[in-house]
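A quick write-up on the structure given underneath.
Numbers restart at 1 for each chain; the letters A, B, ... are given by sequence-line order, proteins then strands.
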Amino acid sequence: MQLVRNLTYLFLIFIFSSGLATYLATIGLSFSAYSLVFILFIFALEKLYEGKIYIDGKLIFITLLVLLNCFYFVFFSAPIDTMPIFFNFIGSIIMFLIVYLSLNQNIILLFKKAFPILSIITSIIIIFSYINPELLVSIESDDYCLEEVQACCSIQILQVHL
Amino acid sequence: MPGRGTGLLLNPNLAGTSLVCMLGIILLICKKETFLVCLGFSALAIFLTFSRSSWIFFLFFLFIFRDIFKFKNIIIFSVFGLLAIPLIIFLFIQVQGDNVLLIERYIETMAARLDVFSLTQESTLSETDQDRYNLINKSLREFENNILFGNGYGYTSTSLWAQGTHNMHLRFLVEMGLFGYFFYFLIYSFFFLKFLTEKDQNLSKLYLLYFALLFFCAFFSHNFFENYTIVFMVAVVSCLDVIKQK
């Protein structure tokens, strides 16, 4: 089971936590949040089998938070399709529950190796995305922001006033 | 996003902030040498996001963990300083597809992001800053419409709000009112209480860092809970005490 747990965390870290899932979604390859439901189901089953579910204030708070969001979603939604926002929230809650149910010392040992690697890879990608802005998304994409245009406007305004 | 490093998250604010969050966990669980190597890479990356909130958050991180920067570590930083030389040379390369050098774009972005001239001449205030100022006014006006229960779930994602609120506090207040904000208040208060009660100094500082994320950085970004990177880090740090109890 520890192997399954380690592999799950590697999946969570390098697919969801690294931002790879976000990036892949922009090019049409989305990792469904249903995979998170499946992972949570496995860990919940394991805990039920062991009969050692640890319950503290955090779990009660999270339950209340889910109820609050369900209440607002059902009775007090803005006049738009709020389903994606709600599912995004549920995905975050599932992510929290997975960590809550399965975090242990062995996972911390895994973090010791995974987090430094992830931070270095992330840093390198950020540096390269600065050097070549079209490295990750093309200029035609909606994800390509107009920040540079804003920056240039600011410089032009500055030059006029100086 | 041109002129700013974004990484896979495609959002400079989230990229910078999540790197600082990651550094906090690395510092707690890894050896100092490993942390310093990660810090060397991350510092440059955070700088290149040109996210002001990430810069402030990173400086806050360095301040609260300042006791780890001893003299022998300065030698390691010097080595990283030498590694910066090829990067500086690289800045004089022409940007692919554009007729400017990287350094020119760097100066443009820096001037726009710091926006120091607007302190003396209001007319030079950049569009980004003016937008944020307008957003705060707009959010407060909308909050007054329904102070207790807000304007509805997902209200700041409607077409009336092209950029969202750029502020977690205002987002909760506008969408869910004081009733919904109370839950957000409990989330960041949890980290603050942990900071006050935790006996392990490093862990206590980590809680303080995450409190700063959810309280101070939240004034500059509205999508922390829509992003799995931040959610994962917050979940790990908030569950560190669960390991002791299990």
Side-chain angles (χ1 to χ4, degrees), chain A residues 12 16-23 26 54 56 58 61 65 68 72-73 76-80 82 85 88-89 92 95-96 99-100 103-105 108 111-112 115-116 118-120 122-127 129-133 136-137 143-145 147-148 150-155 157-158 161, chain B residues 1-10 15 19 22-23 25-26 29-30 34 37-38 41-42 44-45 48-49 90 96-97 102 105 108-109 111-112 115 117 121 123-124 126-128 149 151-155 157-158 176 180 183 186 225-226 228-229 231-232 235-236 238-239 242-243 245-246:
Chain A
L12 288 180
F16 282 99
S17 189
S18 67
L20 188 61
T22 312
Y23 172 66
T26 64
Y54 173 74
D56 70 356
K58 279 192 283 292
F61 173 75
L65 195 61
L68 173 86
Y72 268 93
F73 174 67
F76 209 41
S77 271
I80 53 159
T82 49
I85 302 168
N88 214 332
F89 167 76
S92 300
M95 178 77 93
F96 177 86
V99 175
Y100 182 85
L103 195 66
N104 60 21
Q105 282 298 346
I108 298 292
F111 286 169
K112 276 187 182 181
F115 272 128
L118 180 65
S119 81
I120 290 171
T122 307
S123 304
I124 290 171
I125 295 173
I126 290 174
I127 293 164
S129 69
Y130 173 76
I131 291 168
N132 182 4
L136 296 171
V137 282
D143 298 298
Y144 197 88
C145 192
E147 196 78 32
E148 190 177 46
Q150 290 182 348
C152 291
C153 287
S154 177
I155 292 293
I157 293 166
L158 184 69
H161 283 273
Chain B
M1 185 177 283
R4 296 175 73 181
T6 60
L8 290 171
L9 292 170
L10 306 175
L19 263 182
M22 220 180 289
L23 281 175
I25 298 177
I26 291 169
I29 61 174
C30 297
T34 313
V37 170
C38 295
F41 278 96
S42 302
L44 180 62
L48 290 179
T49 60
F90 204 78
Q96 199 179 357
L102 264 172
R105 177 199 283 162
E108 275 181 11
T109 317
D115 211 11
F117 298 100
Q121 276 184 288
S123 53
T124 62
S126 79
E127 283 184 30
T128 321
F149 295 103
N151 293 284
Y153 194 70
Y155 183 71
S157 305
T158 57
M176 297 179 168
F183 282 78
L186 288 179
F225 292 161
E226 289 167 16
Y228 286 129
T229 312
V231 169
F232 184 73
V236 168
S238 63
C239 290
V242 176
I243 300 175
Q245 305 293 335
K246 275 179 180 173

Original post:
Stepwise, does the side chain to side chain contact (heavy atoms under 4.5 Å, CB included) test hold for A:I126 with B:L19?
Top reply: CA-CA 10 Å; A:I126 290 174; B:L19 263 182; 3.6 Å; yes
Supply the atom-to-atom distance [X] [atom1] to [Y] [atom2], rounded to the nearest 0.5 angstrom.
X	Y	atom1	atom2	result
A:S119	B:I25	OG	CD1	11.0 Å
B:I26	A:F111	CD1	CZ	11.5 Å
A:F16	B:T229	CZ	OG1	10.5 Å
B:Y155	A:T82	OH	OG1	14.5 Å

With a 4.5 angstrom heavy-atom cut-off, which part of [X] approaches chain B: side chain, backbone, both or neither?
X	answer
A:K112	both
A:L68	side chain
A:L118	both

Original post:
Between B:M176 and chain A, which part of the residue has a heavy atom less than 4.5 Å away: side chain, backbone, both or neither?
Top reply: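 For B:M176, heavy atoms of backbone and side chain both lie under 4.5 Å from chain A.
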**OP:** Name the region of B:S157, side chain, backbone, both or neither, that has any atom closer than 4.5 Å to a heavy atom of chain A.
**Re:**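 Both backbone and side chain.
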**OP:** Give the C-alpha distance, both sets of side-chain angles, the deciding distance and a yes or no for side chain to side chain contact (heavy atoms under 4.5 Å, CB included) between B:S238 and A:Y100.
**Re:** CA-CA 9 Å; B:S238 63; A:Y100 182 85; over 6 Å; no
Subject >> Aromatic plane relationship, B:F232 with A:F115 - under 30° parallel, 30 to 60° tilted, over 60° perpendicular >> reply: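 Geometry flag for B:F232 against A:F115: tilted rings.
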Shortest non-hydrogen separation from [X] to [Y] and the atoms involved:
X	Y	value
B:G7	A:S129	N-OG, 3.2 Å
A:F96	B:A235	CD1-CB, 3.6 Å
B:C30	A:P116	SG-CG, 3.7 Å
A:I125	B:L8	CD1-CD1, 3.9 Å
B:T158	A:A78	CG2-CB, 4.1 Å
A:I120	B:F41	CG1-CD1, 4.0 Å

Original post:
With respect to chain A, which residue among B:L23, B:I29, B:V231 yields the maximal number of heavy-atom pairs within a distance under 4.5 Å?
Top reply: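 The option with the most such pairs is B:I29.
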Original post:
Would you find a donor on one side and an acceptor on the other, under 3.5 Å apart, between the side chain of A:S92 and the backbone of B:F225?
Top reply: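 Present.
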Subject >> Any side-chain heavy-atom pair of B:V242 and A:L103 under 4.5 Å >> reply: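 Of all side-chain heavy-atom pairs linking A:L103 with B:V242, none is under 4.5 Å.
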